[in-house]
Peer 1: 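Handing you this structure, nothing more for now.
Please read all numbers here as calculations on a predicted model, not as lab measurements. Remember, it's 1-based here, ligands and their atoms both numbered in the order they're listed.
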Amino acid sequence: MTSPVLDRFLRYVRYDTRSDDGAPSSPSTPGQLVFQRDLVAELHAIGLADADVDANGYVMATVPATTRKTAVPVIGFIAHVDTSPEMSGTGVTPIVHARYDGRDLVLPDDPTAVLRLADIPALADQMGHDIVTASGTTLLGADDKAGVAEIVTAAEYLVSHPDVPHGVVRLAFTPDEEIGRGANHFDVARFGCHCAYTLDGGGRGEVESESFSADLMTVTFYGFNTHPGYAKGTMVNAIKIAADFVHRLPVGRLSPESTDGHDGFVHPYTQQSGVDRTIVKLIVRDFDTAGLADKESLVAALAREAAAAHPGARVDISVEEQYRNMRVVLDRHPEIVEYANEAVRRSGLTVVTRSIRGGTDGSRLSFMGLPTPNLFAGEHNFHSRLEWVSRQDMENAVEVIVALCRIWEERVAL
Ligand SMILES: [Zn+2]
């Protein structure tokens with residue numbers, strides 16, 4: 001049995017497209033550009049004449065409209081080509097485990113790497129399906145090459161079925177999502193869409209229309225350094241003040257370790273220490289943007305208390321916006337998510353509405369003028385050597401994309 005989306009996926013994962021936080025260029029690694037150029041050639045081959053890659057490594061292409069209606073909004077589909085730098089992506093060897101029946105899936109290059117039904121509840125929904133994994137020493141890269149393969153396959157389907165009515169459909173493949181830069185050089189005006197959908201989610205049927213709102217806080221404590229042999233009465237140690245501050249942060253609440261669902265948190269994640277000056281960086285997360293301000297006031301008050309407890313110390317506090325809950329934007333255009341839900345149902349699946357305890361490129365794009373919820377791509381265990389995806393979930397995602405294109409056309413009178 002042939003499966004165009006599976007064949008593409010197996011081809012794409014062999015490209016090493018890990019992004020690199022330490023490289024300032026866009027894309028951050030040459031491997032991404034190699035893949036992007038080959039993608040452009042493939043898009044040309046399936047008939048998307050305008051496909052190109054821009055100077056920053058972003059690929060865009062157009063599926064021309066088939067409908068006679070002139071008022072159908074242009075919609076877009078987006079996936080990222082990079083894979084996580086946290087796990088090797090060199091020499092990925094995909095393995096298709098046909099007709100999964102609950103057995104242990106042992107990955108041959110490292111027999112300790114085993115996908116067990118008992119450990120991975122999502123496998124229970126995959127009986128009879130073909131599961132793709134890597135070979136045990138690398139990630140698979142379903143995040144997000146599953147999304148890339150699904151979008152290209154849907155585009156190919158639309159091009160070869162001109163009887164399917166749809167408006168103009170745009171595609172974009174972005175670099176460096178995993179290092180938080182996927183939206184940095186995204187040319188929203190050039191993309192020219194009313195809205196878009198990222199294909200970068202998990203289990204089949206998922207529609208994600210809400211993400212965290214996110215800020216970064218930098219708390220800098222200033223002490224006074226002098227020779228420790230002669231420091232009596234003069235030294236003020238910023239490391240100790242910072243420790244005092246961290247100790248004052250709430251325990252058992254408002255932390256990543258103690259929250260889930262809709263609760264936000266504050267999280268010190270890195271510290272640069274010196275007697276003279278110690279910098280503590282914290283991320284602040286909440287679904288409600290007003291909730292961010294409450295948490296930031298609390299953190300600021302605790303930092304000032306810690307500084308005040310050490311005479312001679314001083315503290316500086318700054319807050320930077322990272323991204324905002326996309327729901328604020330999507331609530332103004334309810335049809336964007338409604339049509340996605342309808343497309344999932346029309347493909348015979350159950351809609352699973354999820355809130356992302358993090359951000360996506362869509363969180364930033366939504367505020368750059370391109371409302372962009374996230375749809376399932378079938379990714380599981382991402383950033384891990386136990387990463388997997390099923391052929392059937394990818395095929396479902398292709399159907400959902402095609403259904404969405406039809407629905408946007410149907411809902412317009414002329
Ligand atoms: Zn992803």
Peer 1: Tally every protein N/O/S atom whose distance to the Zn ion (ligand 1) is less than 2.8 Å; waters are neither shown nor counted.
Peer 2: 4

Peer 1: Is the side chain of S213 donor-acceptor paired with the backbone N or O of N325 at a distance under 3.5 Å, no angle test?
Peer 2: yes

Peer 1: Could you give me the CA-CA distance, side-chain angles and deciding distance for F35 and Y12, then say whether ring-ring contact (aromatic ring centres under 6.0 Å, His included) is met?
Peer 2: CA-CA 8 Å; F35 181 41; Y12 295 168; 5.1 Å; yes

Peer 1: I'd like to know if R364 and E177 make a salt bridge, using a cut-off of under 4.0 Å between side-chain N and carboxylate O.
Peer 2: no

Peer 1: When the ring centroid of F212 is compared with that of F287, is the distance short of 6.0 Å?
Peer 2: yes

Peer 1: Show me the pairs that pass ring pair (Phe, Tyr, Trp, His ring centres under 6.0 Å) and involve residues 83-123, at least two apart or across chains.
Peer 2: none

Peer 1: Look at K295 together with D286 and state whether they make a salt bridge at an N to O cut-off of under 4.0 Å.
Peer 2: yes

